[in-house]
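Residue numbering restarts at 1 for every chain, and letters A, B, ... go by the order of the sequence lines.
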Amino acid sequence: MPTETLTQIDQEFPVPPENGFLSRWKTRWVRMTNKQKLAAILTILALLGFVTWLLGLKDKLLVQPLTSPPPALSPFPKPTEMQLGSPSPYATDSGVLKIEENLKSLEQNLQSTDLKESSLMPPSLDWVVGFEE
Amino acid sequence: MNRLPKIIGLIFFFYLISQLSRGAGSGSAGLNYSTTAGAQEFNYARAFNDYLYTLGKYREAHREYIVARQAYLAYQTLTSKATAQEKTLAMLRARDETVHTYLAALRMRLAASTGVTNYEQSILYLRLDDELSWYEKHKNNLPSAGSLEDLEKTAEEAQRRWLETEISAYKTLEVILRGKEKALLEQMSTIIEDLGNKLAQIRQKGDKKTTISERWLLEAENRLTRSKEKQNESLSLIQSFKSYDVDKSRKFFEAQFVLEESHQYLKEAVSNLKELIREIKSAD
């Protein structure tokens, strides 16, 4: 009776054929055994792990390690961090220290110089005087 | 004997009078832009405060002028015309006074500036003094205008004059700003020269390598050259002013921007020299 009922229902409300991508995989999944399902899940996880490892390797491959030390004379020398090494004989040279002091003074002047003088811009005045509408 | 106190009193009285009259004479210098001793008390700060004060007075007079103008245009009565004339005269006087005090403040600022050559300063003084006397004369001639129409004509003269005055003002401002940059550049030049001499001494002595230091020095010299070029560019921009230029402020801001670039080059040169000094003070 249920079969006949179902058949009647199918005839009245026909089920559209499963032709979508997801629908096909859904159908296959349903037809798989438990062992096959487990194998599929493990395969997918293994693939994801492999892709992750590849991405990590790519970053390392792109940055080439220097095979030789950088040249001593680069075109534009880069600023270095504060040297914590030993001082040279000129670390306490009075001439060098005097120049350093002058440089600090210049730096302060550079920071404090006003290059706008906004208060001395010409005043905004009304130059049009007329009594016609 | 009885007359002696009277004589002493008379002598003291005349002495007091002479001292008081000498003190009053020196205090009546007023707005004097020559290089006399009295004018030195009139400094930039005072000139600028005078300018701000007269600008405030002008704004007040302008508001009253606008009200009187609108009333006259609306009612066209003899009374409203008389009021409009009175307020217009007051506004025009305040306007001339504002320009006058502005130019005076600018002149004082120029006098106190560094890095400006005597030639540039003299040229600008002549221009500013010419403008100052023109506005003073114009202000004094205003009461002679007998009607509203005469006032309108007089006002137009000032409007035409302002086209030239504005150029003088912007040129003065540019010279002041460029003078500051020039003074800083000269300071930098001296330091670079001193460092060059020091490196030559170290090289001659041979107790430290100077190759890297010399490269830093070269970098700083390049920055200095770029800074100078920017200052020249600023001068060219301001020299291209014409009285018919509609937006003179835009050209001035361009020159100002170029000077800021010059300033940035100097800052970079300072960084280079700091590295140089660090290199000199560190062992090889």
Sub-4.5 Å side-chain heavy-atom contact between B/F253 and A/M121: yes
Residue B/L55 versus chain A: region with a heavy atom under 4.5 Å: side chain
Segment of B/L195 engaging chain A (4.5 angstrom heavy-atom cut-off): both
Proximity breakdown for B/K274 and chain A, heavy-atom pairs closer than 4.5 Å: both
Pairs of heavy atoms under 4.5 Å with chain B: top-ranked of A/D126, A/N102, A/V96, A/T92: A/D126
Top of A/G130, A/S105, A/P122 for chain B proximity - count of heavy-atom pairs under 4.5 angstrom: A/P122
Winner by heavy-atom pair count (cut-off under 4.5 Å) against chain A, out of B/L52, B/T172, B/I176, B/T88: B/T88
Smallest separation among heavy atoms of B/K198 and A/G95, with atom names: NZ-CA, 4.4 Å
B/K153 atom NZ, neighbour heavy-atom count above 12 within 6.0 Å: no
Contacting moiety of A/K116, where chain B heavy atoms sit under 4.5 Å: both
Interface moiety of B/K209 toward chain A, non-hydrogen atoms closer than 4.5 Å: neither
Chain A contacts, top residue of B/E152, B/R95, B/Q256 (heavy-atom pairs, under 4.5 Å): B/R95
Contacting moiety of B/L92, where chain A heavy atoms sit under 4.5 Å: side chain
NZ/B/K57: more than 12 non-hydrogen atoms of other groups inside 6.0 Å: no
Portion of A/S119 that has a non-hydrogen atom of chain B nearer than 4.5 angstrom: both
Validation row: B/Q159, A/V128 side chains within 4.5 angstrom (heavy atoms): yes
Region of B/F257 in contact with chain A, defined by heavy-atom distances below 4.5 Å: neither
Intermediate values then yes/no, salt bridge (charged side-chain N to carboxylate O under 4.0 Å, His left out), B/D194 and A/K98: CA-CA 10 Å; B/D194 291 342; A/K98 181 83 179 83; over 6 Å; no
Structural part of B/K267 lying under 4.5 Å from a heavy atom of chain A: both
Nearest heavy-atom neighbours spanning B/V270 and A/L103: O-CD2, 4.1 Å
Heavy-atom contact with chain A under 4.5 Å, split by part of B/E260: both
Portion of A/D114 that has a non-hydrogen atom of chain B nearer than 4.5 angstrom: both
Largest heavy-atom contact set with chain A, pairs under 4.5 Å, which of B/W162, B/F252, B/Y72, B/Y58: B/W162
Close side-chain approach of B/E149 to A/F131, heavy-atom, < 4.5 Å: no
Which atoms of B/L276 approach chain A - backbone, side chain, both or neither, heavy atom under 4.5 Å: neither
Interatomic spacing from CZ in B/R109 to CG in A/L120 - rounded to 0.5 Å: 7.0 Å
Minimum-distance pair of heavy atoms, taken over all atoms of A/L110 and B/L266: CD2-CB, 3.8 Å
Residue B/I277 versus chain A: region with a heavy atom under 4.5 Å: side chain
Engaged part of B/M188 at the chain A interface, taking heavy atoms whose separation is under 4.5 Å: both
Most chain A-contacting option - heavy-atom pairs closer than 4.5 Å, from B/T165, B/T98, B/L103, B/L106: B/L106
A/L97 side chain near B/K281 side chain, heavy-atom distance below 4.5 Å: yes
Side-chain heavy atoms of A/Y90 within contact of B/K205, under 4.5 Å: yes
Separation between CD1 of B/I192 and CD1 of A/I99, rounded to the nearest 0.5 Å: 11.5 Å
Which atoms of B/A169 approach chain A - backbone, side chain, both or neither, heavy atom under 4.5 Å: side chain
More than 12 heavy atoms from other groups under 6.0 Å of CZ on B/R93: no
Under 4.5 Å from any heavy atom of chain A - which part of B/E181: side chain
Under 4.5 Å from a heavy atom of chain A, the part of B/L148 involved: side chain
Residue selection (most heavy-atom pairs with chain A, distance under 4.5 Å) from B/I202, B/I191, B/L218, B/N272: B/I202
Note, B/L151 side chain near A/V129 side chain (heavy atom, < 4.5 Å): no
Separation of A/L125 CG from B/R59 CZ (nearest 0.5 Å): 8.5 Å
